[in-house]
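Along the sequence shown, the residues carry numbers beginning at 1. For ligands, and for the atoms within them, numbers begin at 1 and follow the listed sequence.
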Amino acid sequence: MNVAVFPGSFDPVTLGHMDLIGRAAAIFDHVYVCAMVNSGKRPMFTKEQRHEMLSAAVAGLPNVTAELWTGLLADYARKRGARYLIKGVRNGTDFDTELGMAQINRALEPTLDTVLLPARTEFLHVSSTMVREMVTYKRPLEPYVPAAAIETMKGWKDNGKT
Ligand code: PNS
């Protein structure tokens with residue numbers, strides 16, 4: 001069975017992520033989407049909130065499971081028996097970042113390969129950073145965030161802002 005991990009901060013999950021997750025689910029037998037900690041970022045949403053939104057967003061995908069992991073990505077992939085990491089790339093900056101992370105992850109776990117999927121044109125401008133601005137300025141999230149994740153946010157007292 002070909003198992004892959006799609007890791008990220010998902011702060012929050014976007015329609016761009018969902019497109020990539022759906023494409024990965026069509027390639028691999030099972031995909032674990034994992035909300036993780038990026039030590040270089042200060043998230044708007046807690047890791048539990050990020051995981052909750054992600055779980056709601058992928059609930060309809062039968063071969064996709066959402067999880068939360070606070071350790072090393074390579075350790076998580078080993079635990080799940082995954083030999084592939086999936087990352088999306090929107091531009092050259094993303095590519096440079098992902099190339100570096102792919103080398104580190106392969107050094108940590110030599111059987112682990114990284115598969116880079118190019119973002120579709122319609123999602124090139126969609127980023128979690130931009131969505132956080134929309135949350136801050138109370139603008140509609142529907143064009144950028146899966147409906148199930150928006151519903152999840154609405155269930156929180158403070159609308160998800162931490
Ligand atoms: O969505 P992001 O912020 O670009 O995702 C980055 C993430 C969370 C995948 C990366 O920071 C990560 O893998 N964190 C877990 C810790 C780890 O394994 N670090 C070594 C690989 S760079």
Side-chain angles (χ1 to χ4, degrees), residues 3-25 27-28 30-58 61 64-120 122-136 141 143-146 148-150 152-153 160-162:
V3 177
V5 172
F6 187 105
S9 298
F10 301 111
D11 186 37
V13 60
T14 68
L15 291 178
H17 292 132
M18 293 308 293
D19 177 61
L20 294 161
I21 292 166
R23 287 159 61 195
I27 299 171
F28 295 94
H30 200 91
V31 178
Y32 289 93
V33 290
C34 191
M36 308 200 68
V37 175
N38 180 339
S39 56
K41 292 180 179 171
R42 252 193 79 215
M44 168 178 273
F45 297 96
T46 68
K47 56 186 185 308
E48 291 81 10
Q49 287 174 325
R50 293 185 276 120
H51 173 240
E52 197 182 331
M53 288 186 279
L54 192 56
S55 297
V58 303
L61 301 174
V64 178
T65 307
E67 293 196 304
L68 171 64
W69 181 259
T70 55
L72 274 180
L73 173 56
D75 289 340
Y76 173 75
R78 190 185 308 117
K79 185 180 151 92
R80 287 285 167 249
R83 288 186 43 224
Y84 304 97
L85 301 176
I86 315 290
K87 299 289 194 88
V89 284
R90 288 164 299 190
N91 49 44
T93 307
D94 279 355
F95 181 81
D96 288 347
T97 308
E98 294 305 339
L99 193 58
M101 286 204 269
Q103 314 299 346
I104 293 169
N105 286 314
R106 203 175 170 85
L108 290 166
E109 184 65 34
T111 58
L112 196 54
D113 219 336
T114 299
V115 177
L116 300 179
L117 292 180
R120 272 169 51 186
E122 53 265 55
F123 297 119
L124 284 179
H125 67 295
V126 177
S127 67
S128 295
T129 305
M130 182 263 274
V131 171
R132 291 193 298 275
E133 293 283 281
M134 299 300 136
V135 172
T136 300
L141 302 182
Y144 318 109
V145 178
I150 296 173
T152 304
M153 279 184 213
K161 279 194 72 187
T162 55

Original post:
How are the rings of Phe28 and Tyr84 set to each other: parallel, tilted or perpendicular (split at 30° and 60°)?
Top reply: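 The rings of Phe28 and Tyr84 sit tilted, inter-plane angle from 30° to 60°.
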Original post:
Parallel, tilted or perpendicular: which describes the rings of Trp69 and Tyr76, with under 30° parallel and over 60° perpendicular?
Top reply: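 Correct class here is tilted.
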Original post:
Which residue supplies the protein heavy atom nearest to atom 17 (C) of ligand 1, what is that atom called, and how far is it?
Top reply: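 Here the closest protein heavy atom is Leu72 CD2, 3.5 Å.
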Original post:
So which protein heavy atom does atom 15 (C) of ligand 1 come closest to, and at what separation?
Top reply: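 Its nearest protein heavy-atom neighbour is Val37 O, 3.6 Å.
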Give the atoms of ligand 1, by number and element, whose distance to some non-hydrogen atom of [X] is under 4.0 Å.
X: Lys41; answer: 1 (O), 2 (P), 3 (O), 4 (O)
X: Leu73; answer: 13 (O), 17 (C), 18 (O)
X: Met36; answer: 8 (C), 15 (C)
X: Met101; answer: 22 (S)
X: Ser9; answer: 1 (O), 2 (P), 3 (O), 5 (O)
X: Asn38; answer: 2 (P), 3 (O), 6 (C), 11 (O)
X: Asn105; answer: 21 (C)

Original post:
Do other residues, nucleotides or ligands put more than 12 heavy atoms under 6.0 Å from Arg80 CZ?
Top reply: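 Counting neighbours around CZ of Arg80, more than 12 heavy atoms of other residues, nucleotides or ligands fall under 6.0 Å, so yes.
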Using 4.0 Å as the upper bound for N to carboxylate O, is an ion pair formed by [Y] and [X]?
X: Lys41; Y: Asp11; answer: no
X: Lys79; Y: Asp75; answer: no
X: Arg106; Y: Asp113; answer: yes

Original post:
Protein heavy atoms: any of them under 4.0 Å from atom 7 (C) of ligand 1?
Top reply: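 Within 4.0 Å: no protein heavy atom nearby.
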Original post:
Looking at CE of Met101 and OG1 of Thr97, how far apart are the two atoms once the value is rounded to the nearest 0.5 Å?
Top reply: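 Met101 CE to Thr97 OG1: 6.0 Å, rounded to 0.5 Å.
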Original post:
Quick one: are the ring centres of Tyr32 and His30 less than 6.0 Å apart?
Top reply: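 Ring centroids of Tyr32 and His30 are less than 6.0 Å from each other.
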Subject >> Close approach of Gly71 to ligand 1, heavy atoms, under 4.0 angstrom >> reply: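 Gly71: in contact with ligand 1 (<4.0 Å).
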Original post:
Below 3.5 angstrom, do we get any N/O pair linking Ile104 and ligand 1?
Top reply: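 There is no such contact.
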